[in-house]
Amino acid sequence: MAINRNILTLDEFTIQEMRAFPLATGELAGLLRDIGLACKRVNVEVNKAGLVDILGDHGTTNIQGEEVKKLDIFANDQLVGVLRHGISCAGIGSEELDDIVIFDDETSNKSKYVCLFDPLDGSSNIDVNVSIGTIFSIYRRVSELGKPATKADFLQPGNKQVAAGYVVFGSSTMLVYATKRGVNGFTLDRQIGEYLMSHQNIQCPPAGKMYSVNHGNFFRYDQPVKEYITACQKKDKSNGGPYTQRYIGSMVSDVHRNLIKGGIFMYPGTIDKPGGKLRLLYECNPFAYIVEKAGGKATNGKINILDIVPTELHQRTPFFVGSINMMEELESYLFAASKDAAV
Ligand code: AHM
């Protein structure tokens with residue numbers, strides 16, 4: 001098979017991007033490479049997931065005598081391990097861990113960046129072969145370089161992200177990441193073990209035909225959310241419809257699809273859980289940043305997700321993200337309701 005050398009690998013692309021900034025140190029490119037590497041390892045295990053039942057249950061010992069770990073723990077360990085050994089990250093925060101991990105060695109203390117991630121989002125779907133993914137978010141430290149990173153480095157609003165991305169383990173494995181220069185997608189070529197540029201300069205279509213929400217919670221949503229969902233269902237050709245409901249229950253897959261094809265994804269608060277389910281730092285901020293850099297928008301229903309100043313590592317937030325026109329229509333319902341309440 002002829003190899004097309006016109007296609008950039010992830011490493012080639014990040015180095016090219018770096019050259020546009022004469023003062024760049026290459027740390028960000030190194031960090032993205034490390035995340036990509038950890039995700040290649042996760043990809044291998046995700047692809048074997050169907051065999052776990054015949055090789056042994058989670059928590060037991062496999063035929064090589066190794067402990068079989070839950071995949072989300074495995075993914076977490078890979079990311080922590082690779083980033084700890086790399087030279088570009090001063091510490092991490094993970095959805096899987098109660099607290100941040102500061103690497104605190106001479107090299108890491110000099111690193112400019114910290115990284116937050118959800119190692120395997122949607123992991124409850126693994127045993128039914130649904131696409132899942134890793135989400136990551138990168139911040140420049142606010143603490144003094146040369147000293148260990150601090151919690152303040154992690155509790156920054158999303159608008160301070162330097163880069164964010166995800167890897168979707170689907171029919172193909174794809175790494176998508178965003179910086180202020182735009183959003184690009186790379187598909188893993190399993191034969192050569194490289195991510196190859198497949199989706200250059202991704203733009204989220206301003207409108208789409210899909211809305212994604214857990215309808216099972218419908219009667220527990222606030223009235224304006226119910227009204228917007230009902231409006232989605234009533235759409236016809238005269239007002240941009242008909243819309244289709246698509247909800248995988250694996251946010252990486254749902255938002256990836258909407259990013260490429262246009263659409264809106266919602267995880268609103270409910271009567272019993274007003275803060276919703278999704279985590280601001282590990283899930284919402286990275287996707288809000290990616291979709292915004294692709295021309296879309298994200299809100300918690302009151303303010304832009306990226307403007308929320310976090311107070312806790314694991315805080316949750318209602319989350320609405322997607323195509324700009326659809327988001328503006330949603331906001332017309334949400335904001336009209338808050339104006340009524342204020343009168
Ligand atoms: P997880 O961290 O247990 O995997 O949950 C996160 C997932 C998201 O990927 C998805 O959007 C959401 O949970 C689905 O939740 P629900 O089943 O309540 O609709």
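Atom set for the values below is all heavy atoms of this structure, side chains included, hydrogens, waters and symmetry mates excluded. Indexing begins at 1, ligand by ligand and atom by atom, following the structure's order.
- Between His215 and Phe218, the two ring planes are parallel [angle under 30°; tilted spans 30° to 60°].
- When ring centroids are compared, Phe186 and Tyr195 stay outside the 6.0 Å threshold.
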For ligand 1, what N or O to protein N or O distances fall under 3.5 Å?
| residue | atom | partner | partner atom | Å |
| --- | --- | --- | --- | --- |
| ligand 1 | 4 (O) | Gly122 | N | 2.8 |
| ligand 1 | 4 (O) | Ser123 | N | 3.4 |
| ligand 1 | 5 (O) | Lys277 | NZ | 3.4 |
| ligand 1 | 9 (O) | Asp121 | OD1 | 3.4 |
| ligand 1 | 9 (O) | Asp121 | OD2 | 2.6 |
| ligand 1 | 9 (O) | Met251 | N | 2.7 |
| ligand 1 | 13 (O) | Lys277 | NZ | 2.9 |
| ligand 1 | 15 (O) | Lys277 | NZ | 3.0 |
| ligand 1 | 18 (O) | Tyr267 | OH | 2.7 |
| ligand 1 | 19 (O) | Asn214 | ND2 | 2.8 |
| ligand 1 | 19 (O) | Tyr247 | OH | 2.4 |

Check against side-chain contact (heavy atoms from CB on, under 4.5 Å), Tyr247 and Phe265: CA-CA 8 Å; Tyr247 189 71; Phe265 172 91; 3.9 Å; yes
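- Between the side chain of Asp153 and the main chain of Val142, a donor-acceptor pair closer than 3.5 Å is present.
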Derivation of the side-chain contact (heavy atoms from CB on, under 4.5 Å) call for Tyr289 and Lys180: CA-CA 9 Å; Tyr289 184 85; Lys180 64 180 178 192; 4.2 Å; yes
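- Phe136 and Tyr177 have their aromatic ring centers separated by at least 6.0 angstrom.
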